[in-house]
Amino acid sequence: MKKHLIATLFGATIALSPFTSAASPDFPHLETVGIGEVVAMPDMANIDVAVSLNRTSAQAAKKASDDAIAALLERLKKMGIDKKDIESANLSLQPQYSYPKNSEPKLTGYRASRSVTVTVRDLANLNRLLDGALADGLNRVNGISFSSSKESELKEKARMAAIADAQAKAKSLANGFGETLAGVWEIRYVDQTPIRPVMMRMAEA
């Protein structure tokens, strides 16, 4: 009479490394790791742009920063970017000093910095938005990451692929040893963050 094996099924959205069960069952069983992968072209981007500049006074630095951000926000409005897709950080204002040799530090001015994060839902607008931001006075592109508006659907496809992969491995192993599977004993699932392409940070010229 053939023995019946209990399969332990592991599922993952993208990939999952095997790990040891805290309490192994005391009956014949096998464990498999399912791997599911879905590759999709991005249709969205998140960009982080900033203005960082020096002026001789705190007021002048703040005004220059405010003017650049205001110009960008107006541009985004004309482009039809929804307000919920725009996040503006608070102003950072820091004194700048020179350090002459054998002398006390000397205040030379103030540096104002402020960043804006924008979700671009139409990639056709990405280059136009970046060029416009630079023209408006923003001088740093801190990062650009791409994603898909169908992320939930894609994760579900990857999850189903991981389950099918784990099941296929369990059946193959059981058949190879002349055994049959009696069912699933345990399922462990780890939801992994999708891998997104990222453009590296570009410093100001």
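Residue numbers run from 1 in the order of the sequence given. Being a predicted model, the structure only gives us computed values, none of them experimental.
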### Test item: side-chain donor near acceptor, Arg114 and Ser88, under 3.5 Å
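Per modelled atom types, Arg114 and Ser88 side chains form a pair under 3.5 Å.
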### For Ile86, the option from Thr117, Thr119, Leu76 that meets side-chain contact (heavy atoms from CB on, under 4.5 Å)
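Only match with Ile86 under side-chain contact (heavy atoms from CB on, under 4.5 Å): Leu76.
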### Query
With a cut-off of 6.0 Å (strictly less than), are more than 12 heavy atoms of other residues, nucleotides or ligands near CG of Asp131?
yes
### Task
For Glu153, look at atom CD and say whether over 12 heavy atoms of other residues, nucleotides or ligands are found less than 6.0 Å away.
yes
Check whether [X] reaches the backbone of [Y] with its side chain - one donor and one acceptor, N or O, closer than 3.5 Å.
X      : Y      : answer
Asp165 : Ile35  : yes
Asp85  : Ile81  : no
Thr32  : Lys169 : no
Asn139 : Ser52  : yes

### Task
Drop me the distance from Arg121's CZ to Leu126's CG, to the nearest 0.5 angstrom.
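CG of Leu126 is found 14.0 Å from CZ of Arg121.
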Show the nearest heavy-atom pair for residues [X] and [Y], with the distance to one decimal.
X      : Y      : value
Leu123 : Ala45  : CD2-CB, 3.6 Å
Ala158 : Val38  : N-CG2, 3.5 Å
Pro95  : Leu107 : CB-CD1, 3.8 Å
Thr56  : Tyr110 : O-CD1, 4.1 Å
Val184 : Ile187 : CG1-CG1, 3.6 Å
Ser65  : Leu91  : OG-CD1, 3.6 Å

